[in-house]
Structures are given as C-alpha cells and as structure tokens.
Q: 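Below is a structure I'd like to ask you about.
Below, chain A is the first sequence line, B the second, and so on; all start at residue 1. Quantities reported herein were computed from a predicted structural model and do not represent experimental measurements.
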Number of protein chains: 2
Amino acid sequence: MSEPTIDTLRAHDIHPSPQRVAVGRYVLYTDEHPSAEVVFDRVRAALPTISLATVYNTLNLFVEKGLLRSLALREGRTVFDPCLEPHHHFIDDETGTIVDVPWDALEVKNVDGLGDLQVDSYQVVLRGKRLS
Amino acid sequence: MSEPTIDTLRAHDIHPSPQRVAVGRYVLYTDEHPSAEVVFDRVRAALPTISLATVYNTLNLFVEKGLLRSLALREGRTVFDPCLEPHHHFIDDETGTIVDVPWDALEVKNVDGLGDLQVDSYQVVLRGKRLS
DNA sequence: ATCGGTGCAAATTATTTGCATGAAT
DNA sequence: ATTCATGCAAATAATTTGCACCGAT
C-alpha cells in the first residue's frame, strides 16, 4: 500500500512527520485556495493536537520546497494553491471564493512591449460574481 | 490661497482635520503604492504627533469615500493607490517597487467568455525586474 | 552525551475597536 | 447640555521566531 502524500514529501526532501503528512493530505489536493487558518481547521479534523504555528511553518516549508504557491489575493491573508502551472484567478466578491482560470482561457497581448519592465511572470486577477 | 487637498476632502464629505489633511497631502498624490506603515513615516515628517491607528483609520475612510483604492499586492500588507482609473500593476521582485501600467498598454482577450464567471473588473499583475 | 530536525509557546507585526475628548448647536 | 465626529490606547488578528524536546549516532 503506497501513500502518495508521503512519497511526494520525500521526493521534495521533506521528512514526512505526522503533522506534515496531515497538512499535505489536505493542502496538496485542495482547490479551495485556503488561508493558513482554514488549513488549520481542516487538518485538526484528522490531527486535533496540531498547532497553528506548525501549520504556518509547514505551509512555508512546502512553498520553499516547491510544492505550493502562496498568493496575495485576499486582503490581509495569504492563501495557498497547490496548482503550480501558470494560471489566472477569479475572485467572487460576494463569497470570497477563489477559482482557478486555465492559462489558455485568456490571452494577454503586449506583455513584452512595456519598455524597461522585464516581465518574468504574470497573471490576470478577475473579480465578479459566479453565476450558478 | 486655495488648498486642493482640503477641497478634495470636502468634495468627498470628509471633514478636513489636520491629521486627514496631512495624510491626504501625501497619499492622494504619491505613486509609490505605500503601505500604512510607509504613510505613517511620511506623514510624521509633517505632523510628528499623529498615531499609526489614525493613519489606518484615515486610509480606510479615504477608501470608503472613493479617494483611494486598497490593493492586496504585497504579501502580508495592504498597499494604497490614489489612481482610481483601471490599470495594471508591475511588481519588481528584487526591490518590491510597484509600478502602474496603463490600461491600454496591455490587451486581455476573452474576459467575457469564461462561462459562469461574470467578470466585473480585472487587472493584470506582472512580476519581474525593472531595467534602468 | 551530542547533534540535527521538529513542533509549539511566546513574541512580533498588522490592523481594528471602543471609548475619552473636543467642537458645533 | 447634547450630539456627533475625531484620534488614539488598547485589543485583536496574522504570522514568525527561538528554544525545549526527541530520536539517531
């Protein structure tokens, strides 16, 4: 029986302690763009003794090791996204929900024509309401 | 002798107290995308007795009254921008400097073709190095 | 016993709240 | 004297740091 989360952590030089595995099992597979606080709530369901500081440290470690990306999208709190490929983000202003928008769904023209601004990466941040 | 900052505050139903005028004289005309802390430092040069809480409250009031926009661009701190027209932002990863990019310098295609995502506003956030 | 890695209590940073004070009627 | 706006001390929220503990040598 293999445990893919543990394999992933090892592949990135992260010792798979119980706390790190519990955080990884949730945050490496979610699409809800959680803040550290949300990760804490979710992970406590599986590991009630974990502390918020350990969640922060684990998230920062995952970012450093290239498993997660941290995003400044919501005011006042950093959110985390396990999707590493370039993509855009849509923010529902009413609910705060953040949705990934595939890279190819939009096209941005003239990124290389901005004079002395040498662009290494970019994303479009969209806001509005999700109909459903 | 007219004082344009005071006129602007009055035009937006903001009582021009000395603290608000001092904050406004800086933040309504700057292009440096300051955090609250930076505003505090700049304003203290003119009004050494002002407190950081008053700076925060004044910035939030200006945002509420439509004089400023607050932006989640730097991790962990909100920054403020007096430019209200739609535009994009370039962030210099080395220095943290944020530069406005005119709306017409870029073109984003297919914003209205995202299915159930009804886009009310958007901006491109670019990162890289400014050459000079 | 020593050392490197781990997790969390405590500290720090960022921001908001609530109330004392003063100006206008 | 009552009301309402104002500004800041104190409180709260968000995140980081530093050290005690534990397992491997």
Q: Send over the distance from B:Leu52 CG to D:dC8 C1', rounded to a whole Å.
A: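 It is 10 Å, rounded to the nearest whole Å.
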Q: With nearest nucleotides of DNA chain C determined for B:Asn60 and B:His15 from heavy-atom distances, which residue corresponds to the more 5′ nucleotide?
A: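 Taking each residue's closest nucleotide, the earlier one in sequence belongs to B:Asn60.
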Q: Reckon B:Thr49 touches a base, only the sugar-phosphate, or nothing at all at heavy-atom distances under 4.0 Å?
A: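 Sugar-phosphate only.
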Q: Ring-plane angle category for A:Trp103 and A:His88, please: parallel below 30°, perpendicular beyond 60°, tilted otherwise.
A: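 The rings of A:Trp103 and A:His88 lie parallel, inter-plane angle below 30°.
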Q: Measure from CZ on B:Phe40 to P on C:dT15 and round the result to the nearest Å.
A: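 Value for this atom pair: 14 Å.
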Q: Closest to the B:Arg20 side chain: C:dT6, D:dG7, C:dC8?
A: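 Nearest listed nucleotide: D:dG7.
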Q: Does A:Ser51 have a side-chain nitrogen or oxygen under 4.0 Å from the phosphate oxygens OP1 or OP2 of C:dC8?
A: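 Yes, because at least one side-chain N or O of A:Ser51 sits under 4.0 Å from OP1 or OP2 of C:dC8.
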Q: Regarding A:Glu32 and A:Arg42, does a basic nitrogen lie under 4.0 Å from an acidic carboxylate oxygen?
A: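 Looking at A:Arg42 together with A:Glu32, the answer is yes, because their closest N to O distance falls below 4.0 Å.
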Q: Side chain of A:Ala53 only, please: which of D:dT16, D:dT15, C:dT16 is the nearest?
A: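 Within the option list, the nearest is D:dT16.
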Q: May I ask you to say whether B:Arg127 pairs ionically with B:Asp93, meaning some side-chain N is under 4.0 Å from a carboxylate O?
A: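 Counted as a salt bridge, because a side-chain N and a carboxylate O are separated by less than 4.0 Å.
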Q: With distance as the sole test, does B:Thr58 use its side chain to make a donor-acceptor pair with the main-chain N or O of B:Thr54 at under 3.5 Å?
A: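 Confirmed, B:Thr58 side chain pairs with B:Thr54 backbone.
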Q: Atom CD of A:Gln19 to atom C1' of D:dC21: distance rounded to whole Å?
A: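 Going from A:Gln19 (CD) to D:dC21 (C1'), I get 13 Å.
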Q: Could you tell me whether the phosphate oxygens of C:dT15, OP1 or OP2, come under 4.0 Å of any side-chain nitrogen or oxygen in B:Tyr56?
A: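 Indeed, a polar side-chain atom of B:Tyr56 lies that close.
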Q: When you check the phosphate oxygens OP1 and OP2 of D:dT15, does a side-chain N or O of A:Thr78 lie under 4.0 Å from one of them?
A: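 Checking D:dT15 against A:Thr78, a side-chain N or O does come within under 4.0 Å of OP1 or OP2.
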Q: Does a donor on one side chain sit under 3.5 Å from an acceptor on the other, for A:Gln123 and A:His87?
A: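 Looking only at side-chain atoms, A:His87 and A:Gln123 do not form any donor-acceptor pair under 3.5 Å.
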Q: What integer distance in Å separates B:Glu64:CD from C:dT16:C1'?
A: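 After rounding, the gap between these two atoms is 13 Å.
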Q: Using atom CG of B:Leu59 as one end and atom C1' of D:dG7 as the other, report the distance to the nearest whole Å.
A: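 That distance rounds to 14 Å.
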Q: Using whole Å, report how far CG of B:Leu47 lies from P of D:dG7.
A: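 Rounded to whole Å, this separation is 9 Å.
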Q: Mind checking if B:Ser17 touches a base, just sugar-phosphate, or nothing, with heavy atoms under 4.0 Å?
A: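 Sugar-phosphate, no base atom in range.
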Q: Between C1' on D:dT15 and CG on A:Leu71, what's the gap in Å once rounded to a whole number?
A: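 Spelled out: CG on A:Leu71 to C1' on D:dT15 is 17 Å.
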Q: Measure CZ/A:Arg77 against P/C:dT16 and give the value in whole Å, please.
A: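 Value for this atom pair: 11 Å.
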Q: Within the structure shown, what part of the strands sits under 4.0 Å from B:Ser35 by heavy-atom distance: base, sugar-phosphate, or nothing?
A: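 Touches nothing.
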Q: Taking any heavy-atom pair under 4.0 Å as a contact, classify A:Thr58: base, sugar-phosphate, or nothing.
A: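 It contacts nothing in the nucleic acid.
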